[in-house]
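Take a look at the structure below.
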Amino acid sequence: MVGPKRRTSFVFAVLMLSITRSFIASAFSNVQNAGFLGRGGGQIRGRVFRTAEQRRGLVRTPSRAPPTKELLVASPDEDTTVSTYNMEDIVNVCKRRGFVFQSSEIYNGFNGFYDYGPLGVELKNNIKQRWWRDMVHSRDDMVGLDSSIIASPRVWEASGHVAGFVDPMVDCRVSKLRYRADQLFFTKVELQEDGEVIGYIALLDSGDLHGEARKLAEKLKKRTGKEGTIKFPLDIKDMTKATVAELALIPSPATGEPGSLTPPRAFNLMFQTSVGALADASSTAFLRPETAQGIFTNFKNVQSTGRVKVPFGIAQIGKAFRNEITPRNFIFRSREFEQMEIEYFIPPEEEVWPDFYNKWIETAWQWLTSIGMREDLMGREVHLKGDLAHYAKACTDIVFRFPFGQVELQGIAARGDYDLTQHQTSSGKSMEYFDESNKRRYVPHVIEPSIGVDRLFLALICSAYAEDEIEGEKRVVLKFHPSMAPIKVGVFPLVKNKPEIMEKARAIYDQLKHRYNVFWDVSGAIGRRYRRMDEAGTPFCITVDFDTLEDDSVTVRERDSTRQTRMKVGDLLAFFDKEING
């Protein structure tokens, strides 16, 4: 007979398993295109997403731009595939170890929003603190800013967001699902022999778009009973290029019914709100879709009070909000996110900007690798002239190969003087800088390195995730750089029934916790405790045992190699300072 305590434990375990499965299903459905699946069913691959300068003032940026110059760092002979894990593995460990939770999970979640748990908030803070230290405190040409989330609507009118911060959207009239038009593709299927068009197919953006399209084309030929050979390659286009005649023939990915998709229309991505007691046109405001405009509008304030001279930069970390049509790929594309942006102001001469631009590309790359990003999964994509905003001089994306595809992680853009000039014209206030060295006034030009904290968070976990075998047992381990690890050290008394060992271990824990985030664990065998810390990404564990009472030494176990070393208690601080802080 099961006792009441065991019955309660069993019910609790079932409840937790149910909640975990619900979170994984909800989060993974976002990986599979925000809760809906089109035909093709392949792995979802994100497009090269728009960088900050593309999102400002443009009605649309094609999801598949013309080929760009791509510089992959990995050697051609090096195996850089990401086949050992998938997004489900990443989502699973994020939930299991308290990195990320679905927002409003007890109410079945809220699409496009996530909460960061105990380990997640530590990792995010480590990212932001390291970035601020390296980009602001360690430089003489950088100052910081924290601007408001809600600003005057005139800011967004001047920047072009009110008129042009839109994505193209199509609706399925039958299923009521909505799609990003530039992430939904179609093609006609015709026979090689006589050019007969046997129909159209539609599919969502995937890791192997042409391969999936080929499969669907073959299925269509078989379903229609047509004889002959399909004409390949297929002419695949996104829905923004569909003609009125083609719209009547293109099937919906949700239902397969031709003619059920609406023509693409502009959808503004800004969240609208009201400020004040009256909810009318005069009270309309917006949650900021990016942090950059707060930097531009405060340029004169910061320059004069900070006593800085061009060239100099203003850095900001803050929340931004975009009402994405289809949030997807877990936390990679969500509706609430955090940005780390720099606007670096330079002289306007044409020969000046390339040097600053190239230096910032290298600075961004070196910083990412210094915090533990896998360089073999990184690359660079240079935007062609035809893909740039009319005012932009250049843009390079640092891309990362996630399990769902290679997509933008960070953008570095040479923006000219567009933003300061727009605000100068709209506000009537001068944005000119007086250069004392040559006694002239000018509106500075800008280099903009911009990266999302949440995207970097996900890329770090993907870089760190590994599976191996220790003593015949499978181990999931997150191999974070020590400076990024949410927990730096785990402290374990070998046994908990020996007061002297417990007291000694607690003293070490209390000493370390004043400097690092340290975890105390007395539950289970030492091997089990090591595995829990491995999965949390903890780089070091300390075990206090019977020998510690005799020689004041402890066992320090390193996460990646599992190597164990005996060390004097008095040497611990110096050792960890070197390993964690460099």
Name every donor-acceptor pair, under 3.5 Å, that has one atom in a side chain of residues 140-150 and the other anywhere in the protein, sequence neighbours excluded.
from: D141; atom 1: OD1; to: R139; atom 2: NE; distance (Å): 2.9
from: D141; atom 1: OD1; to: R139; atom 2: NH2; distance (Å): 3.4
from: D141; atom 1: OD2; to: R139; atom 2: NH2; distance (Å): 2.9
from: D141; atom 1: OD2; to: Y344; atom 2: OH; distance (Å): 2.6
from: S147; atom 1: OG; to: R288; atom 2: NH1; distance (Å): 3.3
from: S147; atom 1: OG; to: Q316; atom 2: OE1; distance (Å): 2.7
from: S147; atom 1: OG; to: Q316; atom 2: NE2; distance (Å): 3.3
from: S148; atom 1: OG; to: I150; atom 2: O; distance (Å): 2.8

Exercise for review: For T538 and R559, run side chain to side chain contact (heavy atoms under 4.5 Å, CB included): C-alpha distance rounded to whole Å, both residues' side-chain angles, the deciding distance at 0.1 Å, then the answer.
Suggested key: CA-CA 7 Å; T538 305; R559 175 197 62 209; 5.9 Å; no
Review point. If you measure from CD1 on I331 to CD on E338, what distance do you get to the nearest 0.5 Å?
Key: 11.5 Å
Point to revise | Proximity of F321 and F337 rings by center, below 6.0 Å | key: no
Practice item. Could you tell me whether F286 and W156 have their ring centroids closer than 6.0 angstrom? Key: no
Check your understanding: For the residue pair F332 and F402, does the interplanar ring angle fall in the parallel (under 30°), tilted (30 to 60°) or perpendicular (over 60°) class?
Key -> perpendicular
Check your understanding: Would you say the ring centroid of F345 lies under 6.0 angstrom from that of F299?
Key -> yes
Review point. Between the side chains of Q293 and H423, is a donor N or O closer than 3.5 angstrom to an acceptor N or O?
Key: yes
Check your understanding: In terms of heavy-atom contacts, does NZ of K359 have more than 12 from other residues, nucleotides or ligands at under 6.0 Å?
Key -> no
**Study point:** Point-to-point distance, once rounded to the nearest 0.5 Å, from CG of D417 to CD of Q424
**Key:** 9.0 Å
Practice item. Answer yes or no for K124 and Y116: cation-pi contact, defined as NZ/CZ to six-membered ring centre under 6.0 Å and angle to ring axis within 45°. Key: yes
Exercise for review: Taking E558 for its side chain and S561 for its backbone only, find out whether a donor-acceptor pair lies under 3.5 Å.
Suggested key: yes
Review point. Do the rings of F480 and F99 sit parallel, tilted or perpendicular, given the 30° and 60° boundaries?
Key: tilted
Practice item. Could you tell me how the ring of F113 sits relative to the ring of F271: parallel (under 30°), tilted (30 to 60°) or perpendicular (over 60°)? Key: tilted
Review point. Given the side-chain rings of F519 and Y509, with only the six-membered ring counted for Trp, is the space between their centroids under 6.0 Å?
Key: no
Check your understanding: Where the side chain of D238 meets the backbone of T240, is there a donor-acceptor pair that is under 3.5 Å apart?
Key -> yes
Could you give the side-chain donor-acceptor pairs of residues 567-582 under 3.5 Å, partners two or more places apart or in another chain?
from: K568; atom 1: NZ; to: D551; atom 2: O; distance (Å): 2.7
from: D577; atom 1: OD1; to: N581; atom 2: ND2; distance (Å): 2.9

Point to revise | Spacing of N329 atom CG and M87 atom CE [to the nearest 0.5 Å] | key: 6.5 Å
Review point. Does CZ belonging to R154 count more than 12 external heavy atoms closer than 6.0 Å?
Key: no
Practice item. Return yes if some donor-acceptor pair links the side-chain N/O of K300 with the main-chain N/O of E432 below 3.5 Å, else return no. Key: yes
**Study point:** Check: V308 main-chain N/O paired with Q303 side-chain donor or acceptor under 3.5 Å
**Key:** yes
Exercise for review: Identify the heavy atoms of V310 and Y433 that sit nearest to each other, and give their distance.
Suggested key: N-OH, 3.2 Å
